[in-house]
Amino acid sequence: MTITEKILARASGRQQLSPGDVVFAKVDKVMLHDVSGPGVIKVFSEWEKKGMKLEKIWDPDRVWVTEDHFVPAADRVSAENVITLSNFTKQYGVKKHFKYGLGQYGICHTLSHEEAMVLPGEVYVGGDSHTNTTGAMGAFAAGLGHTDVAYVLMNGQIWFKVPETMLFKVEGPKPAHIMAKDIILKIIGEIGTDGANYRAMQFAGDAVKKLSMEERLTLTNMTTEAGAKNGIIEPDETTFAYLRERTDAKYVPVKGDEGAEYAETFTIETARMEPTVAKPFSPGNISAARELQGTELDKAYIGSCTGAKLEDLRAAAKIMKGKKVKIRTEVLPAAQSIYMKAMKEGLIEIFMESGAIVGPPTCGACCGAHMGVLGKGEVCISTTNRNFPGRMGHVESKTYLASPVVVAASALTGRITDPRDLK
Amino acid sequence: MNQTLKGRVHKYDRDNIDTDVIIPGPYLKIHDHKELAKHALEGLDPKFPEKVQAGDFLVAGSNFGCGSSREHAPIALSQTGIRAILAPTFARIFYRNAVDGGYLLPIEIDKETVKKISDRDELEIDIAYNTIRNVTKNEQYPMKPFPELIAKIVEAGGLMKYRP
Ligand code: SF4
C-alpha cells in the first residue's frame, strides 16, 4: 500500500485497502477558518431547525481555528463572522483559536505546520481546499465543505473514497533561482488542472529529499490546482527535525510499502528547469519567465500560504536587497511568527527600504477578499496559487503566478523578469 | 432510488467552470442562502439566476466546480432552482458538497452526451435506471451510476440524514 492507503487503512481499522474502496475514516485534526467556520455554524443552525441540536462537539482538543481570510475585518459582515467564530469556540470549548491581533495567528495552511497542528500519519481535514498543503508533513490532508466538516465535528469521522496515487519523482540538481514553485507549476502544466482529479499526488526523488520543509509545502499546496484529493510526501529526517523544533507531541509516522502500486509514475528532471510562470487564467497555463520577459505589470504580490513562508520571504529579500521596486509591491507574511522572524532577520527592512509595503498576515488579495485587490485591467505577478478570472479582484484583471524570486525580480523592473537576467 | 427528475437545460459548454466563477470571493462572507443565489454563476452569466426555474438542470464541461472548497457554490446554484448538474467530471470537493449537503445532484455523463444536449432542451432523468431522456429531441443517453454509498447518501437527502 502507498502512504495514503496505509494512513486511511489505519484510520478506518482495516488491514488492507485499495483505491476505489469507500471507507469511514477516523479524523485526527480538523480546522476551521473565518469563512468556513461561519459556514459550518450555519449548517448546525439549519440542522437545529430540524431538531438535531449539537450539544457538544466530538473532541474540542482536535479542533483548531484561525482567522485569516477577512482579517483585519474588511467590513461589518466580516467582523460579525469573526464574532460568530469566537462565540462558537467559546461555547464548545475549542482552545486552539488563533485570533487576529492576539498573539500568534495567520493563514490556516501556514499555522498547520508552523504550530505543528498536524503530525505525520494523521488524518487531517479542513474547511478549505488547500488543506492538501499539510500532506507535506506525511499526513493525509484533504479539504472538505461545510456539511462534511460539520459531520466531522459531530462524529469524528467521515467517508473517503481511497484515491489512486500518482507518484512524482523529482530528480537532479536544482539550478540557482529554481524553487519548489517552479517544479509544481511545471507539473500542473504537464498534467493539467484536472490531471489529478480524485487522486493523490505523492512527491519523492532526491530533489524532494533535499527540499526544506517549507519548500515541500509549496509542492503539496498546489496539488489542489491539479484537482488532487491530497498531496503527500513521506516523512523523513527533515520532517522530524522540523517538528522537534515545534512540538513534543508523539506520533507514529507512516511510510508506503516497498512494493506499493502507483497509478502512474512521472519523473521530473530539475537540472535544466527554468524559472516558470503561469499565465492568466489558469495555473496550468505555463511559460518560461524569459518568454514573457517584458510583459508590463502594475503590481507585485508576495503573500499567501503558497508564497509567504519564511523561506519565500528570504528568497525575495535576497533579490530585492539594496534595490528599489518600480511597481506597487505588497508583502504579506503568512503568519505572525513568520513576520517576527522576518523582522529579526532584517527582511522587513529590506522590503521597506526597497519601497514595498509590508502588511499584516492575511489571505487578503489572494482570494480577492480585500487588502489590495486588483482593479479593472490591472496586471499582477503573484506568489499565490490561483489566477482564475476575478480571483484577485476584477474579472478583467490578470494574475501571473510565479516563485518569490521571479516576483521579486519583476517588482524591480516592473516587467516579468527572470531573476537570472537582473543586472 | 426511485426518482424521475424533469426540467429544462441551461447549457454552458465550457470546461473548468471554477468556484470563483460560480460564486466570486467577495460573497464568501455571506451565509444567507437566498442572498447567495442572486450571485450564482455571476462570473459567467450575471443573468443566470433569473433564467432558472425550479427543477432545471445545468449542463457543462469537464471538471465542474474546480477551485475552492466553498460550499457556497452548490448552495448558490441549488437556491436558484437548479436540481442537477450534468458534466463529464466534477471537482471532488464540489461533488462531495453537492451530495453530502443534499443540495443538488452531480451527474456524470460522457462528453458525447454533453454535445448532444442543447440549451433549453427538456430532460427527464431517471435515477433508478441511470438514463436521461431528451424530451425535446426524443433521444436517450446513459449516465454514470452513483457508487453505492453515494447513492445511499443521495437517497437520504444528505450525509446528515444518512444512517450507516
Ligand atoms: S492564502 Fe489564498 S490559497 Fe491560502 S488559504 Fe488564504 S485564500 Fe486560500
Side-chain angles (χ1 to χ4, degrees), chain A residues 20 22 24 34-36 38-43 46-47 50 52 69-70 74-75 77-78 80-81 84 126-131 142-151 154 158-159 161 163 192-194 197-198 224-225 227-229 282 367-370 373 386 388-393 395, chain B residues 15-33 35-36 42-44 46 61-75 88-103 147-153 157-162 164:
Chain A
V22 179
F24 268 88
D34 60 334
V35 168
S36 55
V40 170
I41 295 162
K42 173 86 182 170
V43 171
E46 295 287 317
W47 286 351
K50 293 174 193 150
M52 294 179 283
H69 280 62
F70 289 89
D75 52 22
V77 182
S78 345
E80 277 150 26
N81 279 342
T84 307
D128 193 281
S129 63
H130 288 101
T131 302
L144 296 176
H146 306 158
T147 300
D148 284 350
V149 171
Y151 188 87
M154 263 185 152
I158 190 77
W159 67 269
K161 188 161 148 196
T193 49
D194 59 353
N197 216 353
Y198 307 125
T224 307
E225 276 53 62
K229 168 169 293 187
S282 163
C367 58
H370 65 137
V373 299
R386 282 185 182 143
F388 304 140
R391 168 71 179 178
M392 293 187 77
V395 280
Chain B
D15 294 341
N16 305 312
I17 294 181
D18 63 79
T19 52
D20 280 299
V21 163
I22 299 170
I23 186 84
Y27 303 125
L28 294 186
K29 56 191 175 223
I30 302 175
H31 291 285
D32 180 74
H33 292 183
E35 195 57 35
L36 283 173
E42 191 170 286
L44 194 56
S62 300
N63 202 20
F64 186 91
C66 61
S68 85
S69 61
R70 59 191 73 163
E71 196 153 317
H72 306 63
I75 292 173
T89 53
F90 291 86
R92 59 165 284 272
I93 304 185
F94 183 90
Y95 188 97
R96 288 191 78 107
N97 286 345
V99 169
D100 287 354
Y103 304 115
E148 201 184 318
L149 173 74
I150 306 215
K152 285 185 187 153
I153 296 172
L159 186 58
M160 212 38 215
K161 297 188 204 132
Y162 165 75

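Reminder, nothing fancy here: chain letters follow the sequence lines and each chain counts from 1. Below, all heavy atoms of this structure are taken into account, side chains as well, without hydrogens, waters or symmetry copies. Computed from a prediction, not measured in an experiment: that's the story for all the values here.
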Exercise. Passes side chain to side chain contact (heavy atoms under 4.5 Å, CB included), B:Glu71 versus A:Leu144? Steps please.
Worked result: CA-CA 9 Å; B:Glu71 196 153 317; A:Leu144 296 176; over 6 Å; no
For this session: Mind running side chain to side chain contact (heavy atoms under 4.5 Å, CB included) on B:Glu148 and A:Val22 for me, showing each step along the way?
Result: CA-CA 9 Å; B:Glu148 201 184 318; A:Val22 179; over 6 Å; no
Exercise. Which distance, rounded to the nearest 0.5 Å, do you find between the CD1 of B:Ile153 and the CH2 of A:Trp159?
Worked result: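 Output value for this atom pair is 5.5 Å.
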Exercise. Going from CG on B:Asp18 to CZ on A:Arg391, what distance comes out if it is rounded to the nearest 0.5 angstrom?
Worked result: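 Taking CG in B:Asp18 and CZ in A:Arg391, the distance rounds to 9.0 Å.
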Problem set entry | Criterion side chain to side chain contact (heavy atoms under 4.5 Å, CB included) on A:Val35 and B:Arg70, from CA distance to verdict | CA-CA 9 Å; A:Val35 168; B:Arg70 59 191 73 163; 6.0 Å; no
Problem set entry | Cationic N near anionic O, under 4.0 Å, B:Asp20 to A:Arg386 |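 Judged by the 4.0 Å cut-off on N to carboxylate O distance, B:Asp20 and A:Arg386 do not form a salt bridge.
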Portion of [X] that has a non-hydrogen atom of chain A nearer than 4.5 angstrom:
| X | result |
| --- | --- |
| B:Leu149 | side chain |
| B:Phe90 | both |
| B:Asp100 | both |
| B:Leu28 | both |

Exercise. Chain B: which of A:Val43, A:Val373, A:Asp34, A:Thr193 shares the most heavy-atom pairs with it under 4.5 Å?
Worked result: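 Winner by heavy-atom pair count: A:Thr193.
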Identify the heavy atoms of [X] and [Y] that sit nearest to each other, and give their distance.
| X | Y | value |
| --- | --- | --- |
| A:Ile158 | B:Arg96 | CG1-NH2, 3.4 Å |
| B:Arg92 | A:Gly143 | NH2-O, 3.4 Å |
| B:Gly101 | A:Thr147 | CA-OG1, 3.6 Å |
| A:Gly368 | B:Pro26 | O-CG, 4.0 Å |

Problem set entry | Atom group of A:Met392 that falls short of 4.5 Å from chain B, counting heavy atoms |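 The answer is neither part of A:Met392.
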Problem set entry | Proximity breakdown for A:Asp194 and chain B, heavy-atom pairs closer than 4.5 Å |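 For A:Asp194, heavy atoms of backbone and side chain both lie under 4.5 Å from chain B.
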Exercise. Under the salt bridge (charged side-chain N to carboxylate O under 4.0 Å, His left out) criterion, do A:Asp75 and B:Lys29 qualify, and how do the steps go?
Worked result: CA-CA 10 Å; A:Asp75 52 22; B:Lys29 56 191 175 223; 2.6 Å; yes
Exercise. Most heavy-atom pairs under 4.5 angstrom with chain A, which of B:Pro24, B:Ala91, B:Gly67?
Worked result: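 Most heavy-atom pairs within the cutoff with chain A belong to B:Gly67.
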For this session: May I ask you to test the A:Lys42-B:Ile75 pair for a side-chain heavy-atom distance under 4.5 Å?
Result: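 A side-chain contact is absent here, since even the closest heavy-atom pair is not under 4.5 Å.
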For this session: Would you please test B:Ile93 and A:Asp148 for side chain to side chain contact (heavy atoms under 4.5 Å, CB included) and show each step?
Result: CA-CA 10 Å; B:Ile93 304 185; A:Asp148 284 350; over 6 Å; no
Exercise. Should the pair A:His146 and B:His72 be assigned to parallel (<30°), tilted (30 to 60°) or perpendicular (>60°) ring geometry?
Worked result: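 Rings of A:His146 and B:His72: perpendicular, as their planes differ by over 60°.
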Problem set entry | Short side-chain to backbone donor-acceptor contact, B:Asn97 and A:Gly145, under 3.5 Å |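 It does hold such a pair.
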